Each structure stands twice: as C-alpha cells, then as structure tokens.
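What you see below is based on every heavy atom in this structure, not just the backbone, and it leaves out hydrogens, waters and symmetry mates. Since we're looking at a predicted model, the values are computed, not measured. We name chains A, B, ... by the order of the sequence lines, and we start the count at 1 in each one.
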Protein chains: 2
Amino acid sequence: MTTADGTPVQSTTHPTAEEAQAIAQRGLDRGAMVTLFGRCTVDYEGRAASTLGPGDRHVMLKPDGSALVHTDEGQQPVNWQPPGCDHEVFLDEGHVVVRSERPAPEEELTVTFEEVTHAASFDVTDPTDLSLTGTEEDLRQRILDDPDLVEPEFTPLSTERNTPAGAVDIYGEDADGRTVVVELKRRRVGPDAVGQVDRYVGALERDLHDDAAIRGILVAPSITDRARELLAEKGMEFVALEPTAE
Amino acid sequence: MTTADGTPVQSTTHPTAEEAQAIAQRGLDRGAMVTLFGRCTVDYEGRAASTLGPGDRHVMLKPDGSALVHTDEGQQPVNWQPPGCDHEVFLDEGHVVVRSERPAPEEELTVTFEEVTHAASFDVTDPTDLSLTGTEEDLRQRILDDPDLVEPEFTPLSTERNTPAGAVDIYGEDADGRTVVVELKRRRVGPDAVGQVDRYVGALERDLHDDAAIRGILVAPSITDRARELLAEKGMEFVALEPTAE
DNA sequence: CAATGTATTTCGGAG
DNA sequence: CTCCGAAGTACATTG
C-alpha cells in the first residue's frame, strides 16, 4: 500500500497544524504508521490516570490501534495505548490533537500539540509473511543439508526415530561417536522444550543401555533465560538457528 | 541544544546511505533522538539471541542509550536495547548499519538497512514529570487519611510491617483491640491474594503468640467468586474500595 | 471468554 | 550493588 503518488513515506518538518493533521489522518486512513513530533501535553484516563505537562515528545500511531508516546529517555514509552484502539487526529482551536480510545476497558489517551515540528507517515509491508515462511520442516532440511550448523562433524543417522517418549527430530552421532538427540523448534523455546529433550534422552539411555551419556541438543532461533538455566542444569546444549537462511 | 542552523529537527526522505548515516551520527553526537525507517534485517545477541529477516521497520535511538525497533504491529518493540548502550551508525558496503551495544551484560543489536526511506533527528527538551494516580500507593493514602473506609474505628498502627511471610500493607487494630492485617490491591483480586493475606495472618499469629485470632482484610475494587469463597473458608473479610475517590 | 505463566520483561525501592 | 515486587505490565498459550 502506498500514497497516491506511489511514495511509501511522507514527511514534513515544521508543518502547519492543517498540514500535520492532514498527513496524520490520511496516513491512518491508509493503514500506515504515523509519527508526530513536537511540544505537547499528554493526558491518560482509564485503568489509571496520568497527565504530562508541556514537553517535546515523539508520538507513534500504529495501524493496529496501538499508540506510543516517547521522550528522549527510557526504553518504555511515557504514555501509550494498547492495540485495538481507534486513533483520531483533529484540530482544536488551531492545535493538533491526537485522541486514541478503546471501549473495554474504557481508556482514552489525548495528546495536544502546541506545535508539531515533524509529521510523517510510513507504509509498512507486513514482515509477518516473511518470518512465517520458516517451518520446523525447513529447519530439519536445513540441518540435514548442512549438519555442521549444529556442530562440526555432527552426523545425522535418522529422523523421527522412535523412543518410548515419542519420536526424536534428529538422531545422530558427534565427532567422538557419541549418540546425539536433536530437538527442533521453529521459534523461541521455553522450559517445556527442555523437558521434552530430557525425556527423549532419558528414554534412549534406558532403551540403548548406553554407557556413555547421550547428548541432548535443542535447536531453535532463541531460548528463554529459564530454559537456558534448566538446559545447563541437565548438561544439555542449545544451538541458535533460524528455520530459514537469510 | 540545536543543529548548526538552529533547527531542532532534521528530516530527509529517500536519503542516500551517506546522507542517512550523516544525519544519524550527527544527531547522536548532538544528544538528539534519531529515527530511521526502511527495509532492514535485525540481529540481536545477548541475554537471548534472535534474528529478523528483511522487513520495513522503524528504528529509534535515544540519547540515553536505548534503542527501539518497531514494526506496524504491537505495543512492544520487536527488538530493543535498554538504556546505557553505545549507539553507532556506519556504512558497510553501501548499507547503513546501526549497532547498539552494552558491556554488562554483553548485548549487541545490529540493524542492517537494505534501504533507508526516512532519516530524522529530534532535539528534545522535556522538563516535566509524569503524575500518575490510581496506584496501590493512592489506595494506601486513602485509607490512612480515612481508616473508617475499611471499617468504623479501624486504627492503622504501621505500614509495611515486616513478618516472616513479607511486609504487611497496613497493620492495625479494630474497635475491640484485635490485631488486623490489611492487604491492598489496586484492582480485582483472585485466589492468589487470599493466599497472601492468609500467609501474613499465619506468620503474625506465630510471631505474636496471640490468643485472639488475627483478622485478615482484603481491600480491593472487586473480588472473583472463587477468591470470595476461599476468603470465607478462612474466616477473612473483603472490603470493596477503589484506589481513588470518584 | 477468562485464567495462567513467561519476559532480552521494565521499573522502582529497600537493604 | 543485588534482591524483591509491582506494572495502566504485554504477550502467548491453554481450558
């Protein structure tokens, strides 16, 4: 989606109130991201209530109905509105006013600009299409094509090998000939995945009566802190890998 | 603080990589907020690890060292860096690259732009503080100002009194001189809060060797059915009270 | 729909 | 400094 003239981004510095309102409202109508910067006051009324006196702030309005007000400090927005709100940008006595509200729970955020020094709108091509292309099967293929991605000299022996605890994603050997169980996850893993690998390892150790401990490796794009700790406790490993190559 | 020509905001659409890098780096040097928008990939490595394939994103760099990467969805940034990082914007084989890192814990965020469609810097002055009402502290003040809101002749003796189970919100006496433990919640409470009061009451009874049973009162705007049952079972009470007077 | 648990939680305050 | 708990927590998962 783009503007009438095909430009996916519009930007003006020191616009008049009318220009700023027009850019913002047209951007919202188009489903674009809208940003406004300038001296403003902020009022919130809803689950709690807050007011913010005049100051320079950066306001971002997203097409999914979220709103963010940022100052020059802190990772958190100083005020915000969750997704699902209705954004409205209008003029009130010559001032640009942003109002963002949602019905349940009743919440309303109002930003009143003394002056807008910058207004812009950005058309975003949804990246979810791009990131959802990687399935666990893609990840499996990727590793079978290049086992070194797990670790040097890793050798897959079979996929979907059965154990009393279920089927192992990839079953193989490391450089020293030790049995390796690889569990694949297409996205960030938590403690549940650690338990899963652990059950496979335990089941195989009982099944094979193997003297050497079986190695468990969890392959996923990322891992939670807690899961990483658990994994370390159980002497297992994590390998960061995306389901698809860039 | 402003730019050389006195303009507190600089903005360009469809800049060359060199122009984008120059605006960003000069903005950072000046202590300004910097935003970049365009098609990019994002890599994070630190407490966790993640990568994002190509997509349109909005990158905000703050002078306090925080970095935020937003897509068009969600209130939360899709990637970020906490305050205290060093931001760097440089060119690599014609691409604008943002690198934001901090030493402890070792964390690094890298945004590599295929194309920057918008670059801007904003000089911010924000003198005012946010005032927030409707918090648990407001509820505490409200009761200390008018203890009868809990019940007639209730007398607060101390706040944050320590017990082996943690600090009690308000510790006091009722009309008959019996010890009362008041637990405050700024919003609707569930069974967890009942367990909390119960632990305080138990801990205090053991601590004080009190003959008379200690009373436990849960003060909140409302309570779930299940929590009300539990509270009744344990012989404790609920008082409905908003954190702020209407 | 509500209830539950995690988070690169963030943020503040107490010790 | 760390630990601990609240948050307008946000967010995903599950029943």
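- Considering only residues two or more places apart in sequence or on other chains, B/Arg102 meets the salt bridge (Lys or Arg N to Asp or Glu O under 4.0 Å) condition with B/Glu107.
- Legend: salt bridge (charged side-chain N to carboxylate O under 4.0 Å, His left out) pairs involving residues 59-87 of chain A, not counting sequence neighbours: none detected.
- No hydrogens or angles considered: nothing links the side chains of A/Arg188 and B/Ser50 as a donor-acceptor pair under 3.5 Å.
- Looking at residues two or more places apart in sequence or on another chain, you find a side-chain hydrogen bond (donor to acceptor under 3.5 Å, both in side chains) between B/Ser100 and B/His87.
- The side-chain hydrogen bond (donor to acceptor under 3.5 Å, both in side chains) search around B/Glu173 returns none, not counting sequence neighbours.
- For A/Thr41, the side-chain contact (heavy atoms from CB on, under 4.5 Å) partners at least two apart in sequence or on another chain are A/Asp43, A/Pro54, A/Thr112.
- The CD1 atom of B/Ile223 sits 18 Å away from the P atom of C/dA2 (whole-angstrom rounding).
- In this structure, B/Asp169 places its CG atom 12 Å from P of D/dG5, rounding to the nearest Å.
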Distances for protein N/O vs nucleotides 6-10 of chain D N/O pairs under 3.5 angstrom?
unit_1: D/dG8; atom_1: O6; unit_2: A/Asn79; atom_2: ND2; d: 2.7
unit_1: D/dG8; atom_1: O6; unit_2: A/Trp80; atom_2: N; d: 3.1
unit_1: D/dG8; atom_1: O6; unit_2: A/Trp80; atom_2: O; d: 3.4
unit_1: D/dG8; atom_1: N1; unit_2: A/Trp80; atom_2: O; d: 2.5
unit_1: D/dG8; atom_1: N2; unit_2: A/Trp80; atom_2: O; d: 3.2
unit_1: D/dG8; atom_1: N2; unit_2: A/Gln81; atom_2: OE1; d: 2.7
unit_1: D/dG8; atom_1: N2; unit_2: A/Glu107; atom_2: OE2; d: 3.1
unit_1: D/dG8; atom_1: N3; unit_2: A/Tyr44; atom_2: OH; d: 3.2
unit_1: D/dG8; atom_1: N3; unit_2: A/Arg47; atom_2: NH2; d: 3.2
unit_1: D/dG8; atom_1: N3; unit_2: A/Glu107; atom_2: OE2; d: 3.2
unit_1: D/dT9; atom_1: OP1; unit_2: B/Arg187; atom_2: NH1; d: 2.5
unit_1: D/dT9; atom_1: OP2; unit_2: B/Arg186; atom_2: NH1; d: 2.9
unit_1: D/dA10; atom_1: OP1; unit_2: A/Arg47; atom_2: NH2; d: 3.3
unit_1: D/dA10; atom_1: OP1; unit_2: A/Trp80; atom_2: NE1; d: 3.3
unit_1: D/dA10; atom_1: OP2; unit_2: A/Arg47; atom_2: NH1; d: 3.3

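- DNA chain D is contacted by no residue of residues 229-241 of chain A, taking any non-hydrogen atom closer than 4.0 Å.
- A gap of 15 Å separates the C1' atoms of D/dA7 and C/dT6, to the nearest Å.
- Under the ring-ring contact (aromatic ring centres under 6.0 Å, His included) criterion, the residue pairs touching residues 115-139 of chain B are A/Phe37-B/Phe122, A/His58-B/Phe122, A/His118-B/His118, A/His118-B/Phe122, A/Phe122-B/His118, with sequence neighbours excluded.
- For B/Glu137, the side-chain hydrogen bond (donor to acceptor under 3.5 Å, both in side chains) criterion is met by B/Arg140, not counting sequence neighbours.
- Nucleotides D/dG5 and D/dT9 are separated by 12 Å at their C1' atoms, to the nearest Å.
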